[in-house]
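This report refers to the structure that appears directly beneath it.
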Amino acid sequence: MNRKFTGKALALVMALAMLLSVLPIGSFAAGRIDYTIINPYENVDWGNWGQYKANLHTHSTVSDGRETFATMVETHYELGYDILAMTDHGTIDKGWTNLNTNPGITFVMNIKRGTPDIQGLTTARYEQISTGADRGGRGLVRVPFGIEHNAASFNNTHVNSFFCFWGDGYLGGTSYYDHILKGVEGAGGICVINHPGEYTGAKEFTPEEAYNPTNLKFNYIIRKFTHLFTDYQSCIGMEVVNKDDSRTRNDRKLWDTLLANVIPTGRNIFAFANSDAHSISACDTNWEVMVMPVNNPQNIRACMEKGAFFAASHNIKNPKEVARLEAETGLSIADENGYWFADRSLPEPKVTEIRVDNRADTISITAENHKTIHWIANGEVIQVGGFLDLNEHSDKIGSYVRAEIWGERAILYSQPFILEYKGAPTAKTFIFFDFGYILHEVENFFYAIVRDSVVLSALQKLALGKSPDF
């Protein structure tokens, strides 16, 4: 045998063996897809960063809440919250001591209850709460300039914005989001669409019927929200759970539908869960878990914009989702209506690490105090367990996957992991006209009359607590 040939063959075999040892198993399998996974938690230092509990949607007697501003702040402090946004209707939160009010808004929203008590914190108490002086140094951080738009809209177009001074005292906006989103974006803020199921009417439908695109109404709604998230980068997400989930029970389905439409355009939609508390009894129904190095307003904004947080809830009122959890865990958790409410005596689930391996096309989640983790793509569960190999489910995957981490105390919703690969879904183009624009123009006409009338303009300024120009 030719020794020279044998030596070359042996070297070739050894080189091939070394190459195979560093490649993921299955790299040469037929049909394998090379995914690029965009991880919203990529920069999180799981071993050293803190996880901070936040509520970003709260009301007081400044608008239509039942409790004073001070009471709502104190309640969240007692409940162990680290972050709080006060978001009264049509009234920007300028601070927790010397409260900003719009008397006309306060009057209209409390007309059935009489003159409300408007009370903020004392300067001394604010100092204690913000520094955590009586809570082991763990302060409650205020999210700057929280507000819920719109004060006078007919149960429609409710949007929370933060970090910008825009919209204070504005009463309009019925059925037309663009005016608010454009204003917030121009002012340098960020915003979130609140409890969409309240105005879409999806809460009255079964999970199968809700947001079905063959229904002309839902088709219009899906196109409308697709347009909004595509056009306004500062609108970073939507509430997928609100209060006891009565209004939002089908809004996780809307979220999945919009993700499939919007992600191919180059952006994400983050999930939020808030109590929208108007009274103490509603506090702590839902919240966000924000993963940050230090709890301060700058990091809060960065965390919100990157999606390095989880939406969390104590309740689910979607029977299909509850039945799915029962099937996965073998537990009987549904009440007589098919709903689930958490056992608050138990510890909350907590994600301790997320790992993304772009070479192996895998994502893994490690968590504590949980019973199941399932992975969702295109609105359907594709995998149960903390480990996901994308190539095992490539026939079911579109442009994203997301995880839900459930324990008997709470459920955590991860933000979507965007997937880029050859053959990924592409952006859809369609013509859309928002009929809310017609109402918007009617409102503009009304405001023009008020602005140009000395008497009406003076009355408007008085209603907003401003001095009229005589």
Side-chain angles (χ1 to χ4, degrees), residues 54-69 72-73 76 83-96 99-110 116 118 142-185 187 189-200 228 232 234-243 247-248 251 270 272-279 282-283 285-288 300 304 311 436 443 464:
N55 182 54
L56 302 175
H57 191 171
T58 320
H59 296 280
S60 75
T61 51
V62 168
S63 60
D64 61 346
R66 305 296 188 268
E67 306 290 344
T68 68
F69 196 106
M72 295 305 278
V73 173
H76 284 86
I83 300 161
L84 179 63
M86 294 299 296
T87 55
D88 278 302
H89 293 276
T91 309
I92 289 177
D93 168 23
K94 296 181 181 179
W96 289 358
L99 300 183
N100 176 43
T101 62
N102 286 302
I105 291 174
T106 303
F107 172 76
V108 169
M109 293 198 163
N110 290 276
I118 307 293
R142 166 183 169 261
V143 180
F145 304 136
I147 178 177
E148 183 168 24
H149 315 269
N150 302 310
S153 63
F154 300 113
N155 201 28
N156 207 326
T157 59
H158 286 201
V159 174
N160 274 3
S161 70
F162 317 93
F163 301 105
C164 72
F165 197 86
W166 190 89
D168 189 51
Y170 179 68
L171 299 175
T174 295
S175 299
Y176 190 65
Y177 287 90
D178 290 70
H179 179 70
I180 296 297
L181 302 187
K182 184 177 181 180
V184 171
E185 190 157 291
I190 56 177
C191 56
V192 175
I193 292 176
N194 294 337
H195 46 78
E198 176 72 359
Y199 4 100
T200 63
L228 294 172
Y232 299 101
S234 61
C235 187
I236 58 176
M238 58 180 277
E239 286 183 342
V240 300
V241 190
N242 177 278
K243 288 187 178 177
R247 300 188 284 188
T248 50
D251 284 351
F270 299 135
F272 289 79
N274 292 304
S275 68
D276 189 6
H278 289 66
S279 62
C283 293
T285 48
N286 314 291
W287 64 99
E288 285 82 28
I300 292 169
M304 291 172 68
E443 289 174 351
L464 295 175

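Counting begins at 1 with the first residue of the sequence. Note that these values count all heavy atoms, side chains included, but never hydrogens, waters or copies made by symmetry.
- Judged by distance alone, the side chains of N194 and D276 never bring a donor and an acceptor atom under 3.5 Å apart.
- Atom CD1 of I180 is separated from atom CD1 of I147 by 8.0 Å, given to the nearest 0.5 angstrom.
- Nearest heavy atoms, L181 versus C191: CD2-SG, 3.5 Å.
- The aromatic ring centres of F272 and H57 sit 6.0 Å or more apart.
- Across all their heavy atoms, E239 and H195 have their closest contact at OE1-N, 3.0 Å.
- Rounded to the nearest 0.5 angstrom, T200 OG1 and D251 CG are separated by 6.0 Å.
- Between H89 and H278, the ring planes lie tilted relative to each other; the angle falls in the 30° to 60° range.
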Please evaluate residues T106 and T61 with respect to the criterion side-chain contact (heavy atoms from CB on, under 4.5 Å), reporting the C-alpha separation (whole Å), side-chain torsions for both, the decisive distance (0.1 Å), and the verdict. CA-CA 7 Å; T106 303; T61 51; over 6 Å; no

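- A donor atom on one side chain and an acceptor atom on the other are found under 3.5 Å apart for D168 and N102.
- The aromatic rings of W166 and H149 sit tilted, their planes meeting at an angle between 30° and 60°.
- Within 6.0 Å of the CZ atom in F107, the count of heavy atoms belonging to other residues, nucleotides or ligands does not exceed 12.
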Candidate pair L84 and W96, rule side-chain contact (heavy atoms from CB on, under 4.5 Å), full reasoning: CA-CA 11 Å; L84 179 63; W96 289 358; 4.1 Å; yes

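- The backbone N or O of T58 sits less than 3.5 Å from a side-chain atom of T87, completing a donor-acceptor pair.
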Between I236 and V192, does a side-chain contact (heavy atoms from CB on, under 4.5 Å) hold up when you go through it step by step? CA-CA 6 Å; I236 58 176; V192 175; 4.2 Å; yes

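- Within the 4.5 Å cutoff, the side chain of D93 has no heavy atoms near those of the N100 side chain.
- Taking all atoms of both residues into account, the shortest heavy-atom contact from M72 to C283 is CE-SG, 3.7 Å.
- Rounding to the nearest 0.5 angstrom, the gap separating the CG atom in L228 from the NZ atom in K182 is 13.5 Å.
- Contact record, G95 with R142: N-NH2, 3.6 Å, taken as the closest heavy-atom pair.
- Side-chain polar atoms of H59 and E148 form a donor-acceptor pair below 3.5 angstrom.
- From T91, atom OG1 reaches atom CE of M109 across 8.0 Å, with rounding to the nearest 0.5 Å.
- Put simply, the side chain of E185 gets close to the backbone of S234: a donor and an acceptor are under 3.5 Å apart.
- A heavy-atom distance below 4.5 Å is found between the side chains of N156 and Y177.
- With contacts defined as side-chain heavy-atom distances shorter than 4.5 Å, the pair I83/V143 qualifies.
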Going through the distances and angles, do M304 and F162 end up as a side-chain contact (heavy atoms from CB on, under 4.5 Å)? CA-CA 11 Å; M304 291 172 68; F162 317 93; 3.9 Å; yes

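- At a threshold of 4.5 Å between non-hydrogen side-chain atoms, the residues H179 and Y170 count as touching.
- Between the side chain of E288 and the backbone N or O of A273, at least one donor-acceptor pair lies under 3.5 Å.
- Of the inter-residue distances, the one linking K243 atom NZ with E198 atom CD reads 8.5 Å to the nearest 0.5 angstrom.
- Side-chain contact between S275 and T285 is present, with at least one heavy-atom pair separated by less than 4.5 Å.
- Judged purely by atom type and a 3.5 angstrom limit, N55 has no side-chain atom pairing as donor or acceptor with the backbone of N274.
- We find the OG1-OH distance between T157 and Y199 to be 7.0 Å, quoted to the nearest 0.5 Å.
- A donor-acceptor distance shorter than 3.5 angstrom exists from the side chain of T248 to the backbone of N242, with no hydrogens or angles considered.
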